[in-house]
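We use all heavy atoms of the structure for the numbers below, so side chains are in, but hydrogens, waters and symmetry mates are not. What you are looking at is a predicted structure, and each value in this text was computed from that prediction instead of being measured.
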Amino acid sequence: MRTVEVRNVTKDFENGRGEHGPALENVAFSVAPNEFVSIVGRSGCGKSTLLNLIMGLIAPTSGAILIDGKPVTGPGTDRGMVFQQGGLFPWLTAIRNIEFGPKNAGVGPVERRRLAESLIELVHLGGYEDKYPRELSGGMQQRIAIAPALATQPDILLMDEPFGALDQLTRESMQRELLRIWDTRKSTVVFVTHGIMEAVFLSDRVLVFGIHPGHLKQEFVIDLPRPRQPSSPRFMQYYDEIYEAIH
């Protein structure tokens with residue numbers, strides 16, 4: 001388990017007219033080991049940019065991202081990322097998708113197959129190992145998409161609206177599945193979503209980001225026992241408070 005620290009991070013981008021402007025400005029927060037933190041806010045507040053910075057896919061213009069006190073200088077096996085569209089290779093079967101990362105990391109065929117099979121069981125898709133993504137439902141595809149991110153056994157799991165394209169019933173099922181996996185693997189999770197209900201249901205803390213430029217606007221500690229009941233008065237109070245903070 002690792003600690004993530006975002007230390008006064010600003011990220012500038014250039015627009016089509018050659019002008020520079022910050023997508024994120026002076027963002028600072030930390031995530032404790034085994035903590036589940038969600039980030040919510042309007043489109044354009046830099047949520048996905050922040051995940052890319054933590055993953056090491058891009059570098060901050062100023063400030064720093066630190067993992068256990070060490071600056072992030074690029075991607076690493078201590079971090080895994082799940083994208084909104086899943087990121088599965090359509091020409092590979094479910095189990096081959098899971099094996100792809102360990103294979104590139106030099107893990108031998110016996111060990112990576114053992115790891116992939118254990119992850120297939122973890123996401124409750126035993127019997128679907130040899131199915132291609134097109135042969136799986138949306139919910140199944142998202143379960144498989146989580147597994148490759150876990151295949152390098154990362155301490156930190158970054159998730160960019162992974163359930164955004166799912167219908168409501170499937171989304172709720174996947175939220176519960178994610179909490180089960182999180183509880184089993186004891187990872188540190190940073191989860192980006194547009195759904196306030198989703199953020200309150202899943203998270204230990206919810207960070208609300210503002211726009212123009214993206215910045216940390218307000219933080220909410222979700223002091224509710226799990227499993228959570230969205231119909232409870234306290235749950236709805238959190239929803240209302242976060243909604244007001246966003247809007």
**Q** Does a side chain donor of either Q168 or R171 reach within less than 3.5 Å of an acceptor in the other side chain?
**A**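 The answer is no; no qualifying pair exists.
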**Q** Working to the nearest 0.5 angstrom, can you tell me the gap between R79 CZ and L51 CG?
**A** 12.0 Å
**Q** First locate atom OG1 of T61, then atom CG of D12, and finally report the distance between them rounded to the nearest 0.5 Å.
**A**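 The distance works out to 4.0 Å.
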**Q** Side chains of T49 and L53: closer than 4.5 Å at any heavy-atom pair?
**A**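 Side chain of T49 against side chain of L53, heavy atoms only: contact under 4.5 Å found.
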**Q** If you define the side chain from C-beta out and look only at heavy atoms, does anything of V192 sit under 4.5 Å from S38?
**A** no
**Q** Could you go step by step and tell me if R176 and F201 meet the side-chain contact (heavy atoms from CB on, under 4.5 Å) rule?
**A** CA-CA 9 Å; R176 291 177 171 82; F201 183 78; 4.0 Å; yes
**Q** In terms of heavy-atom contacts, does NE2 of H212 have more than 12 from other residues, nucleotides or ligands at under 6.0 Å?
**A**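 Not buried by this count: 12 neighbours or fewer within 6.0 Å.
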**Q** Can you confirm whether the side chains of H247 and R42 place a donor and an acceptor under 3.5 Å from each other?
**A**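 H247 vs R42: donor-acceptor pair found between side chains.
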**Q** If you draw a 6.0 Å radius around CZ in R7, do more than 12 non-hydrogen atoms from other residues or ligands fall strictly inside?
**A** no
**Q** Does the side chain of I98 come within less than 4.5 Å of I120's, by heavy atoms?
**A** yes
**Q** Taking the side chain from K11 and the backbone from A59, do they hold a donor-acceptor pair closer than 3.5 Å?
**A**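 Pair found, side chain donor or acceptor close to backbone of A59.
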**Q** For the pair M159 and V190, evaluate side-chain contact (heavy atoms from CB on, under 4.5 Å) and give the outcome as yes or no after the intermediate values.
**A** CA-CA 6 Å; M159 309 189 78; V190 182; over 6 Å; no
**Q** Would you say R228 has more than 12 foreign heavy atoms packed within less than 6.0 Å of its CZ?
**A** yes
**Q** Is there a donor-acceptor pair under 3.5 Å between the side chain of T193 and the backbone N or O of A199?
**A** no
**Q** Spell out, yes or no, whether F235 and I246 are grouped together once hydrophobic residues are joined by side-chain heavy atoms under 4.5 Å, including indirect joins.
**A**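 Yes.
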**Q** Any Lys/Arg nitrogen of D78 or K70 sitting under 4.0 Å from an Asp/Glu carboxylate oxygen of the other?
**A**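 A salt bridge is absent here (no side-chain N lies under 4.0 Å from a carboxylate O).
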**Q** Taking A245's backbone N and O only, do any of them form a donor-acceptor pair with K217's side chain (distance below 3.5 Å, no angle check)?
**A**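 Pair found, side chain donor or acceptor close to backbone of A245.
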**Q** Do the side chains of L178 and Q175 get nearer than 4.5 Å, heavy atoms only?
**A**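 With C-beta onward as the side chain, the pair stays apart.
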**Q** Could you check whether any side-chain heavy atom of Y238 comes within less than 4.5 Å of a side-chain heavy atom of I196, counting everything from C-beta outward?
**A** no
**Q** I'd like to know whether I65 forms a side-chain contact (heavy atoms from CB on, under 4.5 Å) with V9, so could you lay out the CA-CA distance, the side-chain angles of the two residues, the decisive distance to 0.1 Å, and finally the verdict.
**A** CA-CA 8 Å; I65 309 288; V9 164; 3.7 Å; yes
**Q** Tell me the closest heavy-atom pair linking P102 and L115, and the distance in Å.
**A** CG-CD2, 4.0 Å
**Q** Find out whether M140 and E135 are in side-chain contact, i.e. whether some heavy atom of one side chain is under 4.5 Å from a heavy atom of the other.
**A** no
**Q** Donor-acceptor pair, Y128 side chain versus I95 backbone, under 3.5 Å?
**A** no
**Q** Could you tell me whether a side-chain N or O of Q141 sits under 3.5 Å from a main-chain N or O of P133, the two making a donor and an acceptor?
**A**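 Present.
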**Q** May I ask you to decide if V123's main-chain N or O and R143's side chain share a donor-acceptor pair within less than 3.5 Å?
**A** yes
**Q** Indicate the ring-plane relationship of F191 and F163, choosing parallel, tilted or perpendicular according to the 30° and 60° boundaries.
**A**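 Ring orientation, 0 to 90° scale: tilted.
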**Q** Rounded to the nearest 0.5 Å, what's the gap from OG on S232 to OH on Y239? Could you check?
**A** 14.0 Å
**Q** With no hydrogens and no angle check, just 3.5 Å: does a side-chain donor-acceptor pair link D160 and S48?
**A**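 Result is yes, a qualifying pair exists.
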**Q** Under 3.5 Å, side chain of R205 to main-chain N/O of V37, donor-acceptor pair present?
**A** no
**Q** Could you state the interatomic distance from CD (E177) to CD1 (I146), rounded to the nearest 0.5 Å?
**A** 7.5 Å
**Q** Taking the side chain as every heavy atom from C-beta outward, state whether K131 and T93 have any pair of such atoms under 4.5 Å apart.
**A** no
**Q** Could you tell me whether a side-chain N or O of S203 sits under 3.5 Å from a main-chain N or O of V200, the two making a donor and an acceptor?
**A**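 No, S203 side chain to V200 backbone: no donor-acceptor pair under 3.5 Å.
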**Q** Share the residues that join F100 in a hydrophobic cluster, the rule being Ile, Leu, Val, Met, Phe, Trp or Tyr side chains under 4.5 Å apart at the heavy-atom level.
**A**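 Taking Ile, Leu, Val, Met, Phe, Trp and Tyr as members, F100 shares its hydrophobic cluster with F89, W91, L92.
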**Q** Using a strict threshold of under 4.0 Å (side-chain N to carboxylate O), is an ion pair present between E111 and R114?
**A**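 Result for this pair is yes, salt bridge flagged.
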**Q** Just how far is it from atom CE of M197 to atom CG of L202, taken to the nearest 0.5 Å?
**A** 11.5 Å
**Q** Taking atom CG of N34 and atom OG of S187, what is their separation to the nearest 0.5 Å?
**A**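 Here the interatomic distance stands at 7.5 Å.
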**Q** Less than 3.5 Å apart, any donor N or O on the side chain of E35 or T188 sitting next to an acceptor on the other?
**A** no
**Q** Using only atom types and a distance under 3.5 Å, with no angle test, would you say the side chain of D204 pairs donor to acceptor with the backbone of F36?
**A** yes
**Q** Using atom types as modelled and distance alone, determine if a side-chain donor or acceptor of E172 lies under 3.5 Å from a backbone N or O of L169.
**A**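 No.
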**Q** Scan L150, L125, I181 and name whichever one has a side-chain contact (heavy atoms from CB on, under 4.5 Å) with L119.
**A**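 Passing option: L150.
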